[in-house]
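Chain letters run A, B, ... following the sequence lines, proteins first, then strands; residues in each count from 1. Both backbone and side-chain heavy atoms feed into the values below; hydrogens, waters and symmetry mates do not.
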Protein chains: 2
Amino acid sequence: MQPAPQSERPDDAAKKAYVLDEQIGYLLRLVNQRHALIFQEHTVLDLTPTQFSAMVRLLDEGECSQNELGRRTAMDVATIKGVVDRLRVKGLVRLRPDPNDRRRTTISVPGPHEDLRATLHAVGRRITRQTLKPLTPAERRTLLRLLAKMV
Amino acid sequence: MQPAPQSERPDDAAKKAYVLDEQIGYLLRLVNQRHALIFQEHTVLDLTPTQFSAMVRLLDEGECSQNELGRRTAMDVATIKGVVDRLRVKGLVRLRPDPNDRRRTTISVPGPHEDLRATLHAVGRRITRQTLKPLTPAERRTLLRLLAKMV
DNA sequence: TCCAATTTATTTGTATGCTAATGGAAGGGC
DNA sequence: GCCCTTCCATTAGCATACAAATAAATTGGA
């Protein structure tokens with residue numbers, strides 16, 4: 001009965017319609033969902049994305065305190081604690097008190113690192129490649145550049 | 001003491017180094033974190049991003065069953081249930097059994113819609129604008145286009 | 001040296017977000 | 001008309017993620 005409501009609103013010439021599917025936050029959630037699926041298909045040692053990030057940081061940059069690892073991986077202190085706990089249960093990290101600072105717990109990866117490091121890098125490359133598959137090589141570079149600009 | 005290890009690896013000419021900060025999954029998490037902060041600063045009615053999406057879908061497309069609302073907002077059945085529960089507690093949605101299908105619960109927004117809808121659209125625009133602020137207008141269009149291509 | 005501010009780790013509470021399992025209801029094909 | 005499949009909603013369990021509060025240890029400045 002009524003005509004389309006937007007034709008009655010005075011701001012129509014100035015504003016485009018608000019379409020949820022075109023909002024950055026909504027799109028980020030959807031792209032994240034797809035990435036999480038791909039990650040799960042390709043991961044090793046049952047690592048989740050955050051666990052994977054923590055392991056890569058430890059292998060690439062060496063052992064550190066729990067809070068420092070949180071900063072290296074952009075995780076809250078409460079979040080990194082849970083991640084480290086689950087890695088410890090899996091036997092992938094070792095915790096020991098810092099002799100120089102009794103507040104700190106040093107997190108390290110036991111055993112030889114090179115094979116594990118190479119494996120994680122290879123898996124990470126595969127996950128990134130699969131996630132970026134819908135884009136052309138030029139688009140991939142553009143997307144990563146623009147995302148990095150927004151952090 | 002050892003030379004840089006990458007100079008010993010045979011695949012160095014073919015592969016670039018794996019840098020966590022340049023991986024799509026890691027970047028998506030960081031950008032999401034920033035967006036979540038901005039969202040929290042600007043939101044109304046204490047709506048979270050998913051609650052906001054559900055409300056916008058209901059206001060833009062009308063009432064529907066709980067599972068249907070989940071599909072409209074790309075949420076799992078378990079996730080949309082939690083979201084609807086919290087919206088119900090806030091009094092923002094009403095639940096009633098579907099007389100034609102006893103499996104279904106119809107979710108609707110009580111009261112007049114136009115003001116609430118206009119408010120949510122305005123808030124959503126503000127959040128999107130603030131999130132995309134580091135980019136030029138052309139870059140914003142590009143980013144949204146590439147993200148949409150990846151869903 | 002001593003006190004205030006900072007840092008570290010932990011805990012609690014809330015909110016996604018997924019898988020998997022369950023039970024009830026509806027629908028389609030025979 | 002019956003059965004098999006599908007659909008709907010709920011529940012339990014696991015893993016992020018953040019805020020806020022706490023307690024212990026360290027540090028820096030007066």
>> With rounding to the nearest 0.5 angstrom, report the OG1 to CZ distance, T48(B) to R86(B).
In response: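 If we round to the nearest 0.5 Å, T48(B):OG1 and R86(B):CZ are 7.0 Å apart.
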> When rounded to the nearest 0.5 angstrom, what distance separates CZ in F39(A) from OG1 in T50(A)?
Replying inline: 8.0 Å
>> Let's see if you get this right: which residues in residues 25-36 of chain A place a heavy atom under 4.0 Å from DNA chain D?
In response: none
Would you please confirm or rule out a distance under 4.0 Å between OP1 or OP2 of [N] and any side-chain N or O of [X]?
X: Q40(A); N: dT19(C); value: no
X: K81(B); N: dA9(D); value: no
X: T50(B); N: dA15(C); value: no

Residue of the set [options] for which side chain to side chain contact (heavy atoms under 4.5 Å, CB included) holds with [X]:
X: L144(B); options: I24(A), D21(A), L146(A); answer: I24(A)
X: K81(B); options: V83(B), D85(B), T79(B); answer: D85(B)
X: T73(A); options: R57(A), M55(A), E68(A); answer: R57(A)

> Taking all non-hydrogen atoms of both residues, which atom of R140(A) and which atom of K133(A) are closest, and how far apart?
Replying inline: NH2-O, 3.6 Å
> How far apart are the closest heavy atoms of L69(A) and I80(A), and which atoms are they?
Replying inline: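 So the minimum-distance heavy-atom pair works out to CG-CD1, 4.0 Å.
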Could you state the atom-to-atom distance from [atom1] of [X] to [atom2] of [N] in whole Å?
X: F52(B); N: dT16(C); atom1: CZ; atom2: P; result: 14 Å
X: D85(A); N: dT16(D); atom1: CG; atom2: P; result: 11 Å
X: D46(B); N: dC18(D); atom1: CG; atom2: P; result: 18 Å
X: R96(B); N: dA9(D); atom1: CZ; atom2: P; result: 13 Å
X: I80(A); N: dA15(D); atom1: CD1; atom2: C1'; result: 13 Å
X: R86(B); N: dT10(D); atom1: CZ; atom2: C1'; result: 14 Å
X: R88(B); N: dA15(C); atom1: CZ; atom2: P; result: 13 Å
X: I107(A); N: dT8(C); atom1: CD1; atom2: C1'; result: 12 Å

> Which of residues 98-105 of chain B have a heavy atom under 4.0 Å from DNA chain C?
Replying inline: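 Hits under 4.0 Å, by residue number: D101(B), R102(B), R103(B).
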> Listed in order of residue number, which residues of residues 61-79 of chain A have a non-hydrogen atom at under 4.0 Å from DNA chain C?
Replying inline: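 Contacts with DNA chain C under 4.0 Å: S65(A), Q66(A), N67(A), R71(A), V77(A), A78(A).
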>> Does either side chain, that of T106(B) or that of E63(B), offer a donor lying less than 3.5 Å from an acceptor on the other one?
In response: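 There is no such pair (donor and acceptor under 3.5 Å, judged by atom type) between the side chains of T106(B) and E63(B).
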> For residues Q66(B) and T105(B), is any side-chain donor paired with an opposing acceptor at under 3.5 Å?
Replying inline: no
> Ion pair present between K149(B) and E139(A), side-chain N to carboxylate O less than 4.0 angstrom?
Replying inline: yes
>> Is any side-chain heavy atom of L47(B) closer than 4.5 Å to one of V123(B)?
In response: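 Heavy-atom side-chain distance check fails, nothing below 4.5 Å.
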